Asks: 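To start, I am sharing the structure in question, which I have written as structure tokens.
Every heavy atom of this structure was used, including side-chain atoms; hydrogens, water molecules and symmetry mates were not. Note that the structure is a prediction, hence the values are computed from the model and not measured.
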Amino acid sequence: MIKAINRKLLVGLEIGTTKVAALVGELLPDIMINIIGISSCQSRGMEKGDVNDLEAVVKCVQHTINKAELMADCHISSVYLSLSGRHISYQNEIGMVPISEEEVTQEDIENVVHIAKSVRMLDERRILHVIPQDYAIDYQEGIRNPIGLSGIRMQVKVHMITCHNDMAKNIIKAVECCGLKVDQLIFSGLASSYAVLTEDERELGVCMLDIGGGTMDMVVYTAGALRYTKVIPYAGNVVTSDIAYAFGTSPTDAEEIKIRHGCALSAMVNKDENIEIANVGGRPPRNLQRQTLAEVIEPRYSELFALVQNEILQLQEQLREQGVKHNLAAGIVLTGGATKIDGLTACAKQVFHTQVRIGQPLNITGLTDHTKAPDYSTVVGLLHYGKELHLNSEVNIEKKLLINRWFKRLSIWLKKGIFLILK
């Protein structure tokens, strides 16, 4: 991933609407990720997950990577890169194959997944992820790991996440212009779920909502499997725009006002509490009731959550018809930069009518003062995703070495046997 002696290092790069962030993580012997480098800057040239000014994006990426290299004292040559945008879509597919031997092998699993993803795809679409939901062998369904089980034929249900090929090419080009290689392109919402969700939540049923500046990434798990992914092209920036318009201040000042003084539930704000806000054009600042600010913020967040609730209700109806577990017993997990505002969980509970928590990155050590905040969920998740790929790669290499050693021994035994016969 990056050039360093005797260290297993991973780099995650997020190019979002509001910020570009890079993390360098060291994979420790206990499989924990130790953050040794962190860098971010304000994003330029991105809109709702899409590149609209390549040169500006390249400058932001180069600046961020340079700072991360200095902090981590390493040279970054490749990254795990996140991708979002309204062009992201999903489809659930099924594959079926005969079991080649008496019991299921890794090759059988690879074959059945390959069949499942071999659906006709429009030329402009690209497959990002093919994630198995569960397997069935003959009449036994709901199998998580079929390795070693006996049967005649095996079926798999997979969740496929796809993107528009040109959108993917554009963001990859921005990274490659900085002399970097993209190890893997990863859907931002999936990455965030790796960072903030627990196994229990996935099993019970949960909806994770990553609220960024330009988009909301939504993923739903039930019975331990990923069932639904969607990108909603409205997010924190619409709240900022409302504040700027309502109070005649710049978007930059409006964002700062939202984070420092905003509240997503006006009932939680003291009516006597005042704040000072800047004016445009060099005019002197003025005082404003904080409750008035909350009355602008609350309806917009409620509207964003209502969009998500409609998606959840439609999905639950589909899952119910398919006989799949559809209840979200673990509730809603909110993460992303736009969740850093008072009263958000209370506002969300009024819309979703279930338990809500703010999700922060889990299972990391090192430079965690900033990286355990919700706005770093995606880039931390990229490191977790990269860790899984790295560990799976090591397992496959070890298997190949064992097979090679076995064949080598077999070859020696055969040669000895032939030599004894000839004698």
Side-chain angles (χ1 to χ4, degrees), residues 84 90 92 129 131-134 141-145 157-159 161 186-212 215-232 235 264-265 301-302 304-341 343-364 372-378 380-382 384-385 388:
S84 187
Y90 84 95
N92 293 319
H129 307 283
I131 304 169
Q133 294 174 325
D134 56 54
E141 298 180 345
I143 299 170
R144 300 289 178 85
N145 181 9
K157 295 177 181 177
V158 300
H159 184 84
I161 302 175
I186 302 158
F187 170 48
S188 299
L190 181 65
S192 297
S193 74
Y194 272 62
V196 304
L197 296 182
T198 66
E199 287 298 325
D200 287 342
E201 286 174 328
R202 290 188 181 94
E203 191 65 37
L204 289 169
V206 66
C207 172
M208 188 216 71
L209 187 64
D210 187 337
I211 313 175
T215 60
M216 294 191 295
D217 295 339
M218 177 182 171
V219 300
V220 176
Y221 288 86
T222 69
L226 181 59
R227 306 291 178 183
Y228 184 81
T229 54
K230 187 176 179 66
V231 177
I232 298 172
L265 195 65
Y301 268 109
S302 295
L304 292 174
F305 291 145
L307 292 174
V308 176
Q309 177 69 347
N310 287 337
E311 296 290 337
I312 291 174
L313 293 175
Q314 290 178 31
L315 171 65
Q316 287 181 316
E317 182 60 32
Q318 293 171 15
L319 294 177
R320 188 183 295 111
E321 291 174 356
Q322 296 166 13
V324 178
K325 182 180 176 183
H326 61 275
N327 292 324
L328 304 183
I332 311 294
V333 176
L334 306 176
T335 194
T339 62
K340 296 169 70 174
I341 183 171
L344 192 64
T345 55
C347 177
K349 286 177 182 177
Q350 288 189 347
V351 177
F352 295 116
H353 306 293
T354 187
Q355 58 182 323
V356 180
R357 75 172 178 90
I358 302 296
Q360 299 178 333
L362 306 169
N363 302 319
I364 53 172
K372 281 199 171 180
D375 46 338
Y376 278 90
S377 294
T378 295
V380 169
L382 292 174
H384 283 299
Y385 192 97
E388 295 297 324

Asks: Quick one: do Val196 and Leu362 satisfy side chain to side chain contact (heavy atoms under 4.5 Å, CB included)? Show the steps, please.
Replies: CA-CA 6 Å; Val196 304; Leu362 306 169; 5.6 Å; no
Asks: Sort out for me which residue in Leu315, Thr229, Ile211, Ile312 forms a side-chain contact (heavy atoms from CB on, under 4.5 Å) with Met218.
Replies: Ile312
Asks: Would you say Lys340 has more than 12 foreign heavy atoms packed within less than 6.0 Å of its NZ?
Replies: no
Asks: Nearest 0.5 angstrom please: Ile358 CD1 to Thr339 OG1, how far?
Replies: 4.5 Å
Asks: Between atom CG of Leu209 and atom OG of Ser192, what is the distance when rounded to the nearest 0.5 Å?
Replies: 10.0 Å
Asks: Does Tyr301 reach the side chain of Val351, with side-chain heavy atoms less than 4.5 Å apart?
Replies: no
Asks: Measure the spacing between CG of Leu226 and CG of Leu190 and express it to the nearest 0.5 Å.
Replies: 6.5 Å
Asks: Looking only at heavy atoms, what is the nearest atom pair of Phe352 and Gln309, with distance?
Replies: CD2-OE1, 3.2 Å
Asks: I'd like to know if the side chain of Gln316 reaches the main chain of His326, judged simply by a donor and an acceptor atom lying under 3.5 Å from each other, with no hydrogens or angles considered.
Replies: yes
Asks: Step by step, work out the side chain to side chain contact (heavy atoms under 4.5 Å, CB included) result for Leu344 and Phe305.
Replies: CA-CA 10 Å; Leu344 192 64; Phe305 291 145; 3.7 Å; yes
Asks: What are the two closest non-hydrogen atoms of Lys349 and Thr354, and how far apart are they?
Replies: CG-O, 3.6 Å
Asks: Check step by step if side-chain hydrogen bond (donor to acceptor under 3.5 Å, both in side chains) holds for Glu311 and Tyr228.
Replies: CA-CA 10 Å; Glu311 296 290 337; Tyr228 184 81; 2.3 Å; yes
Asks: Any chance you could lay out the side-chain hydrogen bond (donor to acceptor under 3.5 Å, both in side chains) test for His129 and Tyr385, step after step, and finish with the verdict?
Replies: CA-CA 12 Å; His129 307 283; Tyr385 192 97; 3.1 Å; yes
Asks: Could you tell me which non-hydrogen atom of Gly343 sits nearest to which non-hydrogen atom of Leu265, and how far apart they are?
Replies: O-CB, 4.1 Å
Asks: So which atom in Leu319 and which in Lys325 form the shortest heavy-atom distance, rounded to 0.1 Å?
Replies: CD1-O, 3.8 Å
Asks: For a 4.5 angstrom cut-off between non-hydrogen side-chain atoms, does Gln322 reach Arg227?
Replies: no
Asks: I need the minimum non-hydrogen distance between Met216 and Val308, along with the two atoms involved.
Replies: CE-CG2, 3.9 Å
Asks: For Gly381 versus Tyr194, what's the shortest heavy-atom pair and its separation?
Replies: O-CB, 4.1 Å
Asks: Got a second to check how far Thr345's OG1 is from Gln350's CD, nearest 0.5 Å?
Replies: 10.5 Å
Asks: Are side-chain heavy atoms of Thr198 and Val206 found at a separation under 4.5 Å?
Replies: no
Asks: Could you go through Thr378 and Asp210, starting from their C-alpha distance and side-chain angles, then the distance that decides it, and tell me whether this counts as side-chain hydrogen bond (donor to acceptor under 3.5 Å, both in side chains)?
Replies: CA-CA 8 Å; Thr378 295; Asp210 187 337; 3.0 Å; yes
Asks: Is Arg144 salt-bridged to Glu203, going by a charged N under 4.0 Å from an acidic O?
Replies: yes
Asks: Take His384 and Ile364, measure what side chain to side chain contact (heavy atoms under 4.5 Å, CB included) needs, and give me the verdict at the end.
Replies: CA-CA 9 Å; His384 283 299; Ile364 53 172; 4.0 Å; yes
Asks: Say you draw a straight line from OG of Ser84 to CG of Asp217; how long is it, rounded to the nearest 0.5 Å?
Replies: 3.5 Å
Asks: Start with the C-alpha distance between Val231 and Phe187, add both sets of side-chain angles, then the distance that settles side chain to side chain contact (heavy atoms under 4.5 Å, CB included), and finish with yes or no.
Replies: CA-CA 10 Å; Val231 177; Phe187 170 48; 3.5 Å; yes
Asks: Is it true that atom CD of Glu141 has more than 12 heavy atoms of other residues, nucleotides or ligands lying nearer than 6.0 Å?
Replies: no
Asks: Identify every side-chain donor-acceptor pair in residues 331-338 under 3.5 Å, counting partners at least two apart or on other chains, and give the distances.
Replies:
from	atom 1	to	atom 2	distance (Å)
Thr335	OG1	Gly359	O	2.8
Thr335	OG1	Pro374	O	3.4
Thr335	OG1	Ser377	OG	2.5

